[in-house]
Amino acid sequence: MVEIKDFHKHTGERVSTQGWVMNTRSSKGLEFIILRDGSGFAQCVADAAVVSAEVFEIAKQFTQECSVRLTGKIVADEKQIGGYELHIEQAEIIGTSENYPISNKEHGVEFLMDNRHLWLRSKRQWAIMKIRNRIIFAIHTFFQNEGFVQADAPIFTGNAAEGTTTLFNVEYYGEDAYLSQSGQLYGEAMAMALGKIYTFGPTFRAEKSKTRRHLSEFWMIEPEMAFYNNEMNMDLIEKFLQFVVSDVLTHCKFEFEALERNTTVLETLIHKPFKRLPYTQAVRILKGEEQVNGKTTIETLESDLSLIETEISEKRTEISEKEKAIADGTLKKGQINFMQNKIDMLKNDIKELEAQAENIPQWLKSAKEFEYGSDFGGSDETVLTRMFDVPVMVFNWPHEIKAFYMKRDETGQFAKGVDVLAPEGYGEIVGGGERETDLNYLIGKIDEHKLPMEAFEWYLDLRKYGSVPHSGFGLGLERMVSWLCKLKHIRETIPFPRMYGRLNP
RNA sequence: UCCUCCUUAGCUCAGUCGGUUAGAGCGUCGGACUGUUAAUCCGCAGGUCCUAGGUUCAAGUCCUAGAGGGGGAGCCA
């Protein structure tokens, strides 16, 4: 058996392959079959003039998603996906498939999510899952090469660690327990044992979030390094993200093409330093008090708005031209359908653009009115990152809005935390910082945050026995996938998303 | 929890001011066509207009409540 991805190694040879039929097209005496096998996609052709009547009859019976075994000759053909085509000589149905619910046409989100187990078979979802896989592989490669040890934190925990987020309750041999919202505190303990570690596991948040960047269950990578301050931490984050992006770019060209992802932004950031901004400066830029490359946020957004408005009026003209062409009555039925589809697409584009145009003034308003000392909202992140073509690292945050374990700077006003904001409106993909090392200070903070002291006894031991400066960060895998693939919604980044209102399939 | 929009055929949607037997495209199925790229062309079948109640001579359309879903806020990766 030869996998589709290896067809190029067997040009001109007679091989057998197996997979599923994605689509069929036929004309008299010819059957075209798009085959997929997980490794790739290829067109296979049965020609009645070449194959036996029995084999041609079998090929005619192929339906969408039936599984088949085919034998034939591999022929190079530039026009085809993958560049190769199989000329069928023998054909066999392994498993039939009738009335497959997902057609090659448009579907709504709810329908696709209800059929997620089948939706995963589509080319687009295949490409996303392949990119997800490569990102995971690149993450392990990077940390292993840098001398990190993968060390996993528990998923069941006995306390709500940071006390901020809502957690899932579970019953644990008669005790109340929670599903972990972060492995960080355990990561710190493991870093004191192993030096540099990273956890890679599922994370659970019970917030009833209904947004395009939240999941109830997601995968997080949390490195923790002994003897690292926040500057070293930021250097590592930058090097890490550049490595992962660069690795995925070189290994997933076909997948990015399948997604029609323009990778220019990604290609830029792999060799350009990220923008590092202290919180105070980030706020000035956000509020339009400081220019970036000679422009304020206000000027940038206003010119964005007028660009969107011209685009809308261009699309409107295109629609009325197409409608006129249809009204003329000289077009064939097929052409009219094609035109009508185009018009519908344009109308959808306009709806989206109008939504954007409506957003911009609101974003500007909330940016101008931003109150120094508070956390950035979703639109603030978008406005700020819009000013740069690389990820933005915001560091030195007002300590009041950061977690209790965050190290304070020399002035005592700022916490040595860092948030990495991805370009293209994807917001926070990494959050991290330097950890507080002083025992008494930490005890005070735990009291201040009204957290149960007894739950942190073991954590405080880390400061009693050889406390050292240390830092770490957390990367949300799905947000990374979402950004690199430029997806509209995080639900497409994981095989079976768990989010508010979604438990099946 | 709050704001906002949506629910009509297997799928995506149209349905004007409340008015006859609720439409289209795609998909399925049947047929035509020897190189198709979401092929094309012809034909058949396919309906609890989300649910309950109300207004009306008359409700897919108006009102009230509920359910489900989309987008956003908060929270964050």
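Fair warning: this is a prediction, and the values are worked out from it, not measured in the lab. Below, all heavy atoms of this structure are taken into account, side chains as well, without hydrogens, waters or symmetry copies.
- Stem analysis of RNA chain B (at least three stacked-register Watson-Crick or G-U pairs, each with both distances under 3.5 Å) gives B:1-7 with B:67-73, B:10-13 with B:23-26, B:29-32 with B:40-43, B:50-54 with B:62-66.
- Between A:Phe143 and A:Phe148, the ring planes lie tilted relative to each other; the angle falls in the 30° to 60° range.
- Evaluation of atom-type donor-acceptor distances gives a pair under 3.5 Å for the side chain of A:His214 against the base of B:C76.
- If you take atom P in B:G18 and the same atom in B:A58, they sit 16 Å apart, rounded to whole Å.
- A:Gln80 comes within 4.0 angstrom of a base, heavy atoms only.
- Counting any heavy atom pair closer than 4.0 Å across all strands shown, A:Glu478 reaches no nucleic acid atom.
- Counting non-hydrogen atoms under 4.0 angstrom, A:Arg502 reaches nothing in the nucleic acid.
- Remark: the separation of the C1' atoms in B:C49 and B:U37 is 37 Å, to the nearest Å.
- For the pair A:Lys79 NZ and B:G35 C1', the computed distance is 6 Å after rounding to whole Å.
- As judged by a 4.0 angstrom heavy-atom cut-off over every strand, A:Phe111 is placed among residues touching the sugar-phosphate backbone only.
- Between A:Val420 and A:Phe473 there is no side-chain heavy-atom pair separated by less than 4.5 Å.
- For A:Glu85, the salt bridge (Lys or Arg N to Asp or Glu O under 4.0 Å) test picks out no residue, with sequence neighbours left out.
- Other residues, nucleotides and ligands contribute at most 12 non-hydrogen atoms within 6.0 Å of the CZ atom of A:Phe137.
- Listed nucleotides B:C11, B:A77, B:U34 differ in distance to A:Lys28; the shortest reach to its side chain belongs to B:U34.
- For A:Glu85 and B:G35, a side-chain-to-base donor-acceptor distance below 3.5 Å is present, hydrogens and geometry of angles not being considered.
- Note on A:Thr203: nothing from the nucleic acid sits closer than 4.0 angstrom, heavy atoms only.
- Screening A:Glu492, A:Glu255, A:Glu478 for a side chain to side chain donor-acceptor pair (under 3.5 Å) involving A:Arg132 leaves a single residue, A:Glu478.
- Across all strands, A:Ile102 comes closer than 4.0 Å to no nucleic acid atom at all (heavy-atom distances).
- With rounding to whole Å, A:Leu421 atom CG is found 12 Å from B:A77 atom P.
- With centroids closer than 5.5 Å and planes inclined by less than 30 degrees as the test, A:Phe218 and the base of B:A77 pass as a stacked pair.
- In terms of position along RNA chain B, the nucleotide closest to A:Arg25 lies nearer the 5' end than the nucleotide closest to the other residue of the pair A:Tyr500 and A:Arg25.
- Backbone-only contact: A:Gly501 has heavy atoms under 4.0 Å from sugar-phosphate atoms and none from a base.
- In this structure, A:Asp47 places its CG atom 13 Å from P of B:U36, rounding to the nearest Å.
- A gap of 33 Å separates the C1' atoms of B:U51 and B:C29, to the nearest Å.
- The two residues A:Val244 and A:Ile139 make their nearest non-hydrogen contact at CG2-CG1, 4.0 Å.
- A donor-acceptor pair shorter than 3.5 Å can be found between the side chains of A:Tyr198 and A:His140.
- Listed nucleotides: B:U1, B:U34, B:U36. Nearest to the side chain of A:Ser27: B:U34.
- Between A:Trp397 and A:Tyr279, the angle of the ring planes lies from 30° to 60°, which puts this pair in the tilted group.
- Between the side chain of A:Ser103 and the base of B:G10, no donor-acceptor pair under 3.5 Å is found.
- Spacing of P atoms, B:C17 relative to B:C11, comes out at 28 Å, to the nearest Å.
- Going from atom NZ of A:Lys365 over to atom P of B:A73 covers 15 Å, rounded to whole Å.
- Distance check on atom C1': B:A45 versus B:C26 gives 15 Å, rounded to whole Å.
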Check nucleotides 3-5 of chain B against the protein and report each pair of N or O atoms closer than 3.5 Å, with its distance, or say if there are none.
none

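- When the C1' atom is used for both B:G10 and B:A73, the distance is 36 Å, rounded to whole Å.
- A donor-acceptor contact under 3.5 Å links the side chain of A:Arg479 to the base of B:C76.
- Taking the six-membered ring for Trp and thresholds of 30 and 60 degrees, A:Phe404 and A:Phe456 have ring planes more than 60 degrees apart, a perpendicular arrangement.
- Within the nucleic acid shown, A:Leu475 has no heavy atom closer than 4.0 Å to any nucleic acid atom.
- Comparing the P positions of B:U48 and B:C42 gives an interatomic distance of 28 Å, to the nearest angstrom.
- Donor-acceptor pairing under 3.5 Å, judged by distance alone, is absent between the side chain of A:Glu31 and the base of B:U34.
- The CD-P distance, from A:Glu207 to B:G72, rounds to 16 Å in whole Å.
- When each of A:Val109 and A:Glu428 is assigned the nucleotide of RNA chain B with its nearest heavy atom, A:Val109 is the one assigned upstream, toward the 5' end.
- The number of heavy-atom neighbours closer than 6.0 Å to CD of A:Glu400, taken from other residues, nucleotides and ligands shown, is above 12.
- Relative to the six-membered ring of A:Phe395, A:Lys416 misses at least one condition, a distance below 6.0 Å or an angle of at most 45° to the axis.
- Side-chain N/O atoms of A:Glu224 and A:Gln184 include no donor and acceptor closer than 3.5 Å.
- Rounded to an integer number of Å, the gap from A:Glu110 CD to B:G10 C1' is 15 Å.
- Comparing B:U21 with B:G60, their P atoms sit 11 Å apart, to the nearest whole Å.
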